[in-house]
Amino acid sequence: MRRYWLMKCEPGAYTIEALERDRRTSWEGVRNYQARNFMRDDMKVGDAVLFYASNADPSGVTGLATVVRAGYAERGQAKPIWHMVDIGFVERFAGIVSLETLKATRGLEKMMVTQKGSRLSVQPATKSEYDIVVRLGRRLERAKTVRA
DNA sequence: GCCAACGTTGGC
DNA sequence: GCCAACGTTGGC
């Protein structure tokens, strides 16, 4: 059963553009146990990922990725505490589906990222939430195409 | 850059 | 195991 996720990253650290260039990357450096557990235990190859730019202008979903390697331990730990996954590039939106838009969209009221004080950097999402965000992202694409 | 909302640490 | 102090995240 394919699962759906949202992964946050500050643009200063990594972006969807960088992922498009690199094709894939390892999601190392997460230092939160809940997020770690999702990566170590639940994320499987083929799962869908919403790529979210945090602390950005504006913050929001900038594209799509997919899990290409399930949870494995970061190197250089005597006892493996921290784990990561690898994600691969899927799609870059023409713009940002901003947090403001997410909050204003019906069907995303319960999405974790729209909740106040939600800081978790790896979050589960539902298929319905994922589909809605993808539609919003591709609408940006169409709008751009129409203008061109 | 501010600061509220979290998460983690460590003394007890 | 409580909780105050501290550190971090991330919207604004």
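Naming: A, B, ... by sequence-line order, numbering from 1 per chain.
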Quick one: bend of the helix from B/dG1-C/dC12 to B/dC12-C/dG1 from 5 pairs per end, to 10°?
10°
Residue list, salt bridge (Lys or Arg N to Asp or Glu O under 4.0 Å) with A/Glu91, at least two apart or on another chain
A/Arg138
Can you name the residues that form a salt bridge (Lys or Arg N to Asp or Glu O under 4.0 Å) with A/Arg75, not counting sequence neighbours?
none
Listed by chain and number, what are the salt bridge (Lys or Arg N to Asp or Glu O under 4.0 Å) partners of A/Asp131, not counting sequence neighbours?
A/Lys127
Under the ring pair (Phe, Tyr, Trp, His ring centres under 6.0 Å) test, which residues partner A/Tyr4, sequence neighbours left out?
A/Tyr130
Does A/Ala104 have any side-chain contact (heavy atoms from CB on, under 4.5 Å) partners at least two apart in sequence or in another chain, and if so, which?
none
Could I get the full list of ring pair (Phe, Tyr, Trp, His ring centres under 6.0 Å) partners for A/Tyr33, not counting sequence neighbours?
A/Trp82
side-chain contact (heavy atoms from CB on, under 4.5 Å) with A/Val45: which residues, sequence neighbours excluded?
none
Residue pairs involving residues 44-58 of chain A (criterion salt bridge (charged side-chain N to carboxylate O under 4.0 Å, His left out); sequence neighbours excluded):
none
Quick one, which residues of residues 95-106 of chain A touch DNA chain C with a heavy atom under 4.0 Å?
A/Leu99, A/Lys103
Hey, where on DNA chain B does chain A first and last touch, going 5' to 3'? Cut-off is any atom under 4.0 Å from a heavy atom.
B/dA5 to B/dT8
Among Ile, Leu, Val, Met, Phe, Trp and Tyr joined by side-chain contacts under 4.5 Å, find the other residues sharing a cluster with A/Ile87 and list them by chain and number.
A/Trp5, A/Met7, A/Tyr14, A/Ile16, A/Leu19, A/Trp27, A/Val30, A/Phe38, A/Met39, A/Met43, A/Val49, A/Phe51, A/Val67, A/Val85, A/Phe89, A/Met112, A/Leu120, A/Val122
